[in-house]
Participant: 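The structure follows.
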Amino acid sequence: MRRLRALLLKFGGLFRRDRRDAELSSEIESHLQLHIEDNLRAGMNREEARRHALIKLGGIEHTKEICRDQRGLPLLEVLLRDIQYALRILRKNPGFTAVAVLTLALGIGANSAIFQMLDALTMASLPVRNPKEIVEIKIANREGARGSVEFWNAQASYPLWEEIRRRQEAFSSIFAWSSGQYNLSPSGDARWASGLEVSGSFFSTLGIQPALGRVFVDADNQPGCSTPSAVLSYAFWQTEYAGDSSALGKKITLEHQLYEIIGVTPANFTGLEVGNKFDVAIPLCSESLGSAEDNRSNASTEWWLVVIGRLKPGWTIEKAAQHLGAISPGAFESSLRPDYPKASIPQYLKFKLTAVPAGGGLSRLRESYASSLWLLLAISGVVLLIVCTNLANLMLARASARERELTVRTALGASRARLICQLLTEGVLLAAAGAALGVWLATILSELLLQFLATESSPVFLPLHLDWRVIAFAAGVATAACILFSLAPALRGTRVSPSSALKSSGRGATSGRAGFTLRRLLVISQIAFSLMLLIGALLFTRSFLNLTTEDTGLHWNGVVISYLDLSRLNLPVERRVTYKSELVRTLQQIPGVESAAEASIIPLSDSSSSNAVWMAGSDSTHATECSFSVVGPDFFKTLRIGMLAGRTFLPGDSPASPNVAIVNESFVRKMLHGAYPVGLRFSREATPRDPEMQFEIVGLVKDSKYNKIRRAVSPVIYLSQAQDHHPTTLAQVLIRSSLPPSATVAALKSSITQISPDITATYEVFDTMVRDSLMRDRLMAWLSSFFGLLAILLAAVGLYGVIAYVVAQRTNEVGIRMALGASRSEIVKMFLGETALLLGIGCLAGGAMSLAAGRAAGALLYGLKPYDPVTFALAAALLGAVAISASFVPARRAARVDPMVALRYE
Amino acid sequence: MGERADVWQGTLTLMVLKTLQALGPLHGYGIARRIEQTSGDLLAVNYGTLYPALLKLEQEGYISSEWGTSDNNRKAKYYKLTRAGRKQLEKEAREWEQTTEILARFLAPGKESA
C-alpha cells in the first residue's frame with residue numbers, strides 16, 4: 001500500500017517539476033540561513049558562518065539531484081525525454097519520417113491483412129459451446145466409394161448416419177447436416193437462400209440458444225415431417241422480415257414446400273461453414289416432403305451428410321477415432337442398401353470411420369486458399385524485410401550524418417547505452433506509427449481481398465475481426481521490424497571513439513570500411529529479397545497466363561449455361577427425355593441462338609462423373625476409369641469440339657435402339673492404342689441406377705478438358721441424352737448465341753417463361769464460370785506482381801541511396817582520377833562496377849533462396865516448374881536493368897563534377 | 001547508491017521519526033542538529049543527505065510538511081509525525097531493539113565458547 005502511494009506520488013512528481021524544484025531550493029536556502037544564524041550566534045563572523053554552513057550541508061546540487069530522482073521516476077523521465085527528443089528529430093525530417101512510416105505501414109499492413117484472413121479462415125473457433133469438444137466423423141479411406149457426392153465435404157449417406165448414431169458411444173450427442181440452395185419463390189424466377197438441412201440435435205449439440213422463438217428439438221425431425229418447420233439466421237430474419245418478431249409462426253416457401261418459422265439463431269452463429277453463411281435451417285425429415293425419387297434417406301450411394309458429435313467428458317479424439325474404427329464393420333454392413341453396385345460392396349465394407357477436430361468449422365475456402373495465403377504471408381514477410389533493410393540503410397546514412405553530434409555527446413559523458421537507447425527510441429516511434437497505420441490499412445486491405453475472392457455465384461462471407469491474434473501479430477511484426485532496422489544502425493552509429501571522430505574534420509568514422517560494409521550488405525540482401533519476389537511474381541503471372549491461354553479444346557465465347565428445374569411440371573419419367581429435347585429445340589429457335597444442347601456435366605465446372613470401362617472381348621479386371629457426360633446432339637457444335645470420325649448423336653438414337661457412345665482421342669490412345677474406334681464396343685460397370693451395360697462407339701471427337709483446366713486431357717465417353725434411362729427433372733443446357741450474353745439471358749428468360757411459368761431457371765455465362773474457377777491463380781498473380789513491383793521500387797531506392805553516398809564519399813578521388821586523365825565514361829563505369837558487384841552477389845543469393853523456397857509454390861503453379869530457368873533469367877534481367885538505371889543517375893553526377901571543385905572538396 | 005547508504009538511510013529514518021516524536025514539528029535544520037547532538041557528534045554526516053530521506057518519508061506518508069516561521073522569524077518547512085508515522089516508529093524501534101539484542105548476545109564475551 002505504502003509503496004503504491006509512494007509510486008503514485010512519484011508519478012505525480014513528473015509534473016509541475018519547476019514548482020517543486022523552486023520549493024526545494026527555498027527549503028535548502030532557509031536551512032542555510034538558520035545554520036548561518038546559529039553560527040553567528042556562536043561567535044563566527046559572517047563569512048565564516050556561511051562557509052561553515054555550506055560545508056556542513058555538503059554538495060547542494062548533488063542533494064538536489066538526489067531529491068529530484070527521489071521525487072519522480074528517473075527512468076520514466078529519461079524515457080519521456082528521449083521520446084520528446086526523438087519526436088523533435090522526426091519532425092525536423094518530415095521526408096524521412098513520411099517514407100519510413102508509409103513503407104512500414106504498407107509492409108505491416110499487407111502482412112496483417114493476410115494474417116487476418118488466415119486467422120479468420122484457419123484459426124478462429126466456431127461461436128459454439130466448448131468448440132474443442134466438437135469433432136467430425138469421417139471415412140478414413142473413401143477411395144472407390146460409389147454414387148454421388150452432393151455436398152463438397154459430405155462423408156455419409158443417410159443409412160450410414162443412422163448406423164453411426166445408433167452404435168456410437170464416444171459422443172454425448174451427435175448430429176448430421178447438409179447444405180444446399182433452396183428456392184424461396186413460390187413460382188417464376190428463382191430466388192435462392194442458402195440452407196442447412198439438420199438433424200434434431202443440431203442446435204442442442206452445438207449449444208446454440210435461440211435469439212427468438214425456439215430452435216429444433218428431436219421432435220421436429222420425425223419421419224414424415226408432419227409439421228415442417230424452419231429456423232432462420234439472424235441476418236436473414238433482419239433482411240427478409242426486418243427483424244420483426246411477428247415472423248414467428250409465419251410460413252416460408254422453400255422449394256415449393258411451406259415451412260413454419262419457429263425461431264431465429266443468434267447473430268454470431270452463421271453456420272458451420274467458414275466463408276459461407278446460412279439463411280434458413282430445416283430438419284432432415286424434409287427429404288420426405290419432395291417427390292419420392294428425390295428422397296435421399298434410403299440410398300447408400302447418395303453421399304450428402306456431414307456427421308458431427310460432441311465428445312463425452314474424458315474422451316479424447318484418439319479414443320473416439322479408435323471407437324469409431326471398432327464400430328465401422330457393423331455400421332457399414334448394416335448401412336448397405338440394394339442400390340449399392342454389387343461389385344463394389346467388398347470395398348465398401350472395408351471403409352473405416354475416424355474422427356477429426358471440427359471446432360473451427362468446415363471450410364471449402366480454407367481448403368482451397370489456406371496454402372496460398374500462407375505463401376502470400378511469406379511473400380509479404382519478405383516485402384517487410386526489404387522495407388526494413390531499406391530503412392536500416394536510411395537510418396545508417398542519418399547516423400553517419402549525425403556522427404559529430406553523437407561524438408560530442410560521448411565526449412561530454414553520455415554512455416553508449418544511453419545513445420543507443422535514444423536512437424532506438426526513434427526506431428520504436430517509427431515502428432509504432434507504422435504499426436498503427438498498418439493495422440488500419442490491414443482492415444481495408446483484407447476487405448478488398450475478400451471482395452476479390454467473392455464471385456457472383458459464390459459470395460464469400462468471412463467475419464474479419466481485429467482480434468487479439470491479429471493485434472499481437474502486428475505488434476510482433478512491428479517489434480521485429482524495429483529491431484531489424486534500428487538496432488544495427490544504432491550499434492554501428494555509436495561505435496565511435498570520441499578522439500578519432502573529433503579529430504577527423506569532415507568525414508566521420510562510419511564513412512570508414514566497417515559502416516560501409518554494413519550498408520553494402522544491406523543492399524545485397526535487398527537485391528536478393530527483391531529477386532525472390534520478382535521470381536515469385538513472374539512464376540505466378542506466367543502460370544496464370546498459361547492457364548488462361550491453355551488450349552482446352554473448347555470454345556465458349558458466346559455460350560450461356562442455363563440450369564433448369566422441371567420438377568414442378570410433374571413429368572412422368574418416360575416423358576422427360578422428349579420434353580427436354582423439345583425444350584432445347586424451342587430454345588434453338590430464339591433469334592441469335594446458333595445451337596443449344598443438354599449436358600449432364602458442364603465442362604470446366606469442376607463436377608465430374610466416372611465409371612470403370614473395358615473393351616468388348618476383355619473383362620472387368622482390365623477396366624479403366626473413364627469420365628462420362630450425357631449430352632444432346634448439338635453439344636459438340638455448341639462448344640466447337642471437332643468431330644474426327646463417325647457421327648454425332650442422332651434423333652434416331654432412342655432408349656429402344658442399341659446404346660451408342662462417342663469417345664475422344666485420349667480414349668482411343670489409352671484404351672485402343674490408336675486403333676480406329678468406330679464400330680467397336682465397350683462395357684461399363686454397374687452403377688447405382690443401371691446394371692452392367694454395353695455401348696457401341698459411333699463417333700470420335702477431338703480431345704478437350706473435362707472438369708478443370710488444370711487437369712490434363714483424359715479418356716471421356718459421351719453418351720446420348722436421348723438414351724438416358726433415368727432422366728431427372730433437372731436439365732443443364734448450353735446455348736451458343738451471337739448476341740451478347742446479357743441479351744441472350746434476357747431472351748432465354750422470356751422464352752422459358754412462355755414455355756412454362758413452372759420452370760425455374762438460373763443462368764451463368766460460361767466465360768464467367770471459367771474465370772471464377774481461376775480465382776486463386778488470378779489472386780496469386782496479382783498480389784505477387786504487386787509485391788514484386790513494390791520490392792523492385794524499394795530496391796531501386798536503396799541502391800540509389802548507396803551509390804549516391806559512395807559518390808559523395810569519393811568525390812575527392814574522382815577529382816584526382818580526372819586530373820590524372822580519367823574520362824567521364826571511365827568514372828561512370830567505376831561506379832556502375834560497384835553496382836554490378838552488389839547486383840551480382842545479391843542475385844546469386846536471391847537465386848539460391850528462390851530455389852530453396854520454390855518447393856512451396858510448386859503445387860500452385862501450372863505449366864511451369866518453380867525452378868523455371870527462363871523466369872529466373874527474366875527476373876534477374878529486370879532487376880539488373882532497374883538497378884543499373886538507379887545507380888546511373890548518381891554515377892553520372894559524379895562524372896560531371898569539375899575536377900578542380902572535386903579536388904578542393906572536403 | 002551503495003549498501004552503506006541504505007544502512008544509513010534505514011537508521012536515519014528511525015532517527016528522524018524519533019526526533020519528530022520527541023520534539024514535535026521541526027524543520028530540516030533542526031532535525032539535523034538534534035540528530036548530531038544526540039549522537040554526541042559521533043555521526044558526522046552532511047546535513048544535505050537528510051533531505052532525500054525526508055522526501056521519502058513524506059512520500060510514504062509517515063511525516064507531513066508545511067511552511068511555517070521559526071523562533072527567529074525565518075520561513076522554514078516544518079515536518080511533523082503522522083499517525084502512520086507513529087506506528088511505523090514503534091515498529092521500527094521494536095525491530096531495531098530486537099536486532100541490537102541479538103547482536104549483543106552474539107558479541108557478549110564467550111559464554112558458549114570453550
Side-chain angles (χ1 to χ4, degrees), chain A residues 1-17 19-42 44 49-76, chain B residues 1-2 5-6 8-9 12-13 16-17 26-37 41 43-79 82-89 91-92:
Chain A
M1 254 344 260
R2 294 271 154 213
R3 267 173 205 216
L4 188 66
R5 182 196 141 100
L7 195 70
L8 281 175
L9 279 171
K10 279 168 169 232
F11 191 74
L14 290 176
F15 309 101
R16 307 209 324 211
R17 246 178 296 174
R19 226 201 62 185
R20 283 160 210 264
D21 272 350
E23 193 177 324
L24 182 62
S25 291
S26 50
E27 185 174 10
I28 286 178
E29 189 49 40
S30 99
H31 173 108
L32 273 175
Q33 290 308 328
L34 286 167
H35 199 171
I36 290 170
E37 273 164 29
D38 267 4
N39 285 351
L40 284 175
R41 270 196 291 278
M44 298 184 196
R50 183 169 177 77
R51 207 175 65 87
H52 239 263
L54 278 174
I55 291 173
K56 200 66 201 156
L57 185 63
I60 298 182
E61 287 312 314
H62 184 64
T63 301
K64 283 186 183 170
E65 190 63 46
I66 294 176
C67 280
R68 240 173 262 144
D69 284 354
Q70 171 72 43
R71 198 168 51 211
L73 295 164
L75 265 177
L76 192 62
Chain B
M1 271 185 269
D6 283 346
W8 168 236
Q9 197 100 65
L12 185 63
T13 306
V16 168
L17 291 176
L26 197 59
H27 46 68
Y29 173 68
I31 299 171
R33 283 305 291 257
R34 164 76 182 187
I35 289 174
E36 203 173 35
Q37 281 162 7
D41 290 336
L43 276 173
V45 185
N46 282 338
Y47 290 167
T49 46
L50 185 65
Y51 287 95
L54 285 171
L55 185 59
K56 186 160 185 272
L57 280 172
E58 191 176 359
Q59 280 174 344
E60 287 167 344
Y62 297 136
I63 58 176
S64 61
S65 71
E66 139 185 88
W67 285 89
T69 354
S70 73
D71 306 337
N72 32 17
N73 250 355
R74 272 226 173 265
K75 252 181 77 113
K77 200 173 180 183
Y78 278 77
Y79 293 92
T82 62
R83 195 207 294 259
R86 250 173 258 286
K87 269 193 206 148
Q88 181 69 7
L89 172 62
K91 194 175 140 224
E92 277 194 34

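Atom set for the values below is all heavy atoms of this structure, side chains included, hydrogens, waters and symmetry mates excluded. In the text below, chain A, chain B and the rest are named by the order of the sequence lines, each starting its count at 1.
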Participant: Would you say that more than 12 heavy atoms from the other residues, nucleotides or ligands in this model lie under 6.0 Å from the CZ of B:Arg83, or not?
Facilitator: no
Participant: Measuring heavy-atom distances to chain B, does A:Glu29 have an atom under 4.5 Å in its side chain, in its backbone, in both, or in neither?
Facilitator: neither
Participant: Does any part of the side chain of A:Gln33, heavy atoms only, come nearer than 4.5 Å to the side chain of B:Lys75, both counted from C-beta?
Facilitator: no
Participant: With sequence neighbours left out, what residues match B:Tyr79 under ring pair (Phe, Tyr, Trp, His ring centres under 6.0 Å)?
Facilitator: none
Participant: A:His35 vs B:Tyr29 aromatic rings, parallel, tilted or perpendicular, using cut-offs 30° and 60°?
Facilitator: tilted
Participant: Please identify each residue that fulfils ring pair (Phe, Tyr, Trp, His ring centres under 6.0 Å) with B:His27, with sequence neighbours left out.
Facilitator: B:Tyr78
Participant: Report the C-alpha separation of B:Arg33 and A:Asp38 in whole Å, then their side-chain angles, then the decisive distance to 0.1 Å, and conclude whether the side chain to side chain contact (heavy atoms under 4.5 Å, CB included) test is met.
Facilitator: CA-CA 11 Å; B:Arg33 283 305 291 257; A:Asp38 267 4; 3.8 Å; yes
Participant: How many angstroms lie between CG in B:Leu54 and CD in A:Glu27, if you round to the nearest 0.5 Å?
Facilitator: 7.0 Å
Participant: Could you look at A:Ile55 and say if it's the side chain, the backbone, both or neither that has a heavy atom under 4.5 Å from chain B?
Facilitator: backbone
